[in-house]
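What follows is one structure encoded as structure tokens, with my remarks underneath.
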Number of protein chains: 2
Amino acid sequence: MLDTLGLDATSEQVYRGMLVMPGAGVAVLAEYLGLTEAEVRRGLDALSELALVSPGLDGRTRAVSPEIGLEMLMSRQQAELAARQKRLEESRVAAAQLMAEYADQRSVSGNLGGEQLVGLEEIRHRLTRLTREVREEVMAFSPDGAQTEENMAAARPLDRELLGRGVRMRTVYLDSVRNSAPSTAYAQWLTDLGGQVRTVAALPTRLIIVDRATAVIPVNSEDSAARAVVLTGQGMLTALCALFEHVWAGARPLGVAAPGRDEHGLTGQESATVRLLAEGRTDDAIAKRLGVSQRTARRIATALMERLGARSRFEAGVLAVRAGWLPQ
Amino acid sequence: MLDTLGLDATSEQVYRGMLVMPGAGVAVLAEYLGLTEAEVRRGLDALSELALVSPGLDGRTRAVSPEIGLEMLMSRQQAELAARQKRLEESRVAAAQLMAEYADQRSVSGNLGGEQLVGLEEIRHRLTRLTREVREEVMAFSPDGAQTEENMAAARPLDRELLGRGVRMRTVYLDSVRNSAPSTAYAQWLTDLGGQVRTVAALPTRLIIVDRATAVIPVNSEDSAARAVVLTGQGMLTALCALFEHVWAGARPLGVAAPGRDEHGLTGQESATVRLLAEGRTDDAIAKRLGVSQRTARRIATALMERLGARSRFEAGVLAVRAGWLPQ
DNA sequence: CAGTCCATGGCCGGTACCGGCCACCTCTTC
DNA sequence: GAAGAGGTGGCCGGTACCGGCCATGGACTG
């Protein structure tokens with residue numbers, strides 16, 4: 001995943017190994033990861049290039065926590081300016097995705113600049129305040145749509161007020177909300193008022209960005225009610241905005257019919273499923289990402305395996321790569 | 001697997017599809033396999049090149065049963081002679097492996113030239129007769145070693161007689177027999193009498209070839225006692241001999257210590273496990289192939305997944321390909 | 001020789017995957 | 001509007017995978 005940051009698979013492995021075993025030496029890491037010491041050293045070199053590791057007080061090399069490393073990385077790339085705009089853009093998207101993923105571990109690796117919100121009450125309160133104070137723009141990923149009809153009813157007055165004030169609202173839902181009549185009705189209502197709504201097969205995380213200055217992400221994507229972080233770091237915000245724009249550009253407006261199949265004959269949900277499976281997600285986690293039931297997620301996976309002619313998940317992974325459904 | 005025969009993955013998929021759904025048209029196959037009709041047609045062209053499909057009486061194209069198709073293929077390659085000796089050798093090995101694999105389905109796809117033996121008694125009787133009449137040479141794969149000590153005791157007189165007559169005996173056991181003291185003792189005894197014994201991490205099937213003229217393979221590799229075929233077709237025998245020589249060349253004589261690890265840091269058992277996982281085998285089937293317990297097979301698989309940093313079997317398959325542990 | 005290490009394999013409870021069945025809903029077709 | 005097809009989701013029993021625990025036995029060490 002970090003390849004767009006210029007990290008090869010081995011270096012990423014070394015990085016993850018160092019996060020798991022802080023302070024481990026080259027020999028231990030090599031043993032643990034099943035790599036040669038030379039490979040580990042090459043990995044360390046690549047990592048120090050990107051400021052993801054640094055020498056500690058005791059002389060040992062240590063992994064920098066993902067958030068801090070990424071924040072530094074972002075600022076540096078910022079400084080390098082737009083000579084390689086495309087590549088920079090890609091890096092930001094990758095970094096933000098990593099960020100969102102590692103949010104789960106924030107409790108372990110310590111807090112960065114951002115402020116933590118604990119409990120549904122606190123989160124809801126902060127979100128209300130933030131959205132009331134919006135000046136320009138709201139961007140949001142809503143993996144679970146508006147959830148209940150009460151939520152929608154509660155949201156309508158605020159939506160109406162913001163859109164009335166001329167705030168630009170862009171929301172990305174999951175394709176699966178199209179299965180629910182109330183959700184589509186709400187989305188349609190938003191559109192009619194001037195909000196922009198698109199859908200996509202899978203979303204990386206729940207996310208709200210206000211005026212490109214403040215972002216709120218749940219710490220644990222499984223239980224978005226428990227804990228969230230408010231991010232205001234400039235590098236991070238740039239990355240998250242890039243991530244949003246990236247997803248937005250690939251998302252499909254409400255009225256537009258589902259495109260048929262991609263170059264491999266896969267639907268959007270199918271290719272998202274392949275990607276998530278390749279990241280090691282369980283069927284259950286995939287179901288949550290796609291906003292469908294476990295049963296349907298398994299049905300998609302089964303269909304993919306049949307298509308590949310695979311008799312086991314392992315073989316399916318192998319064949320998916322060979323079929324070109326996944327990079328490399 | 002059929003790539004050394006000049007078949008790409010798509011063609012193989014089409015072939016398997018045609019075996020499953022005899023008489024299906026291009027459109028149905030394309031639908032079933034998730035391919036375009038053009039791809040299916042390209043596959044059919046490649047298959048007819050290799051005489052693996054032929055027009056039936058009703059004008060529809062049909063898949064030829066694997067054994068017959070392969071027997072034809074073998075004879076044809078025989079005729080083409082040794083200009084491309086290496087490639088031909090590889091094809092034979094691949095074909096024999098396919099043959100051994102498809103032996104399981106022989107009951108469905110009908111009997112070819114070979115004669116069927118039903119029941120342990122009949123098989124044992126035939127084997128005794130065959131081995132008594134050996135003139136030159138016996139080649140054998142014995143995945144389960146000599147099994148019990150009674151078997152070994154029973155085999156010794158015959159072994160002694162044949163070796164005394166100057167018959168060349170080459171047997172390939174599994175590496176795992178080295179875990180059993182009686183088995184290694186027996187193998188050592190055989191070696192002392194002039195028999196040749198080697199071991200290998202995994203064996204494709206149980207197999208006995210007598211004088212390069214007659215081969216016996218169990219129909220169902222899971223239950224080698226139930227049913228076996230006696231093969232005498234010349235093309236098939238050539239292929240099976242090539243398969244034996246191929247495995248023999250890669251096998252390790254009794255006295256030789258286990259080589260460390262290959263270029264990817266994998267032991268013999270590990271790389272065999274990767275290969276078998278990629279073929280879609282269950283852990284249980286792999287255990288049988290390696291001659292180890294299910295627990296140990298799972299342990300090997302788990303170790304591989306840790307090494308790859310994979311969180312699911314699917315991801316492991318993907319990463320194994322990316323790590324170069326598997327072709328392409 | 002006793003002590004230690006390590007690979008193996010049996011056992012068991014837990015989780016993940018698998019697919020049949022049926023009910024519900026939507027969209028199409030007549 | 002009735003009938004059918006297709007997508008979805010809940011339920012359930014079955015299989016595959018997972019890892020902790022412990023006993024065994026061979027190899028190495030002191």
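In what follows, chains carry the letters A, B, and so on, assigned in the order in which the sequence lines appear, proteins first and then strands, with residues in each chain numbered from 1.
- With sequence neighbours left out, the salt bridge (Lys or Arg N to Asp or Glu O under 4.0 Å) criterion links A:Glu270 to A:Arg261, A:Arg307.
- Distance B:Leu290 CG to C:dA7 P: 16 Å, rounded to the nearest Å.
- If you measure from atom CG of A:Asn179 to atom C1' of D:dG10, you get 15 Å, rounded to the nearest angstrom.
- In this view, A:Arg198 satisfies the salt bridge (Lys or Arg N to Asp or Glu O under 4.0 Å) rule with no residue, not counting sequence neighbours.
- The interatomic distance linking A:Gln294 (CD) with D:dC11 (P) rounds to 11 Å, in whole Å.
- Residues forming a salt bridge (Lys or Arg N to Asp or Glu O under 4.0 Å) with B:Asp159 (at least two apart in sequence, or on another chain): none.
- With sequence neighbours left out, B:Thr191 forms a side-chain hydrogen bond (donor to acceptor under 3.5 Å, both in side chains) with no residue at all.
- Atom P of nucleotide D:dT8 and atom CG of A:Asp175 are separated by 11 Å, given to the nearest angstrom.
- No side-chain heavy atom of A:Phe314 sits under 4.5 Å from any side-chain heavy atom of B:Arg281.
- Remark: B:Arg298 engages no residue in a salt bridge (Lys or Arg N to Asp or Glu O under 4.0 Å) (not counting sequence neighbours).
- With rounding to whole Å, B:Glu270 atom CD is found 10 Å from C:dT8 atom P.
- Here B:Thr296 reaches the OP1 or OP2 of C:dG9: one of its side-chain N or O atoms lies under 4.0 Å away.
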*asked:* One character per nucleotide, please: for nucleotides 17-24 of chain D, 5' to 3', B when the base has a protein heavy atom closer than 4.0 Å, S when only the sugar-phosphate does, - otherwise.
replied: SBBBB---

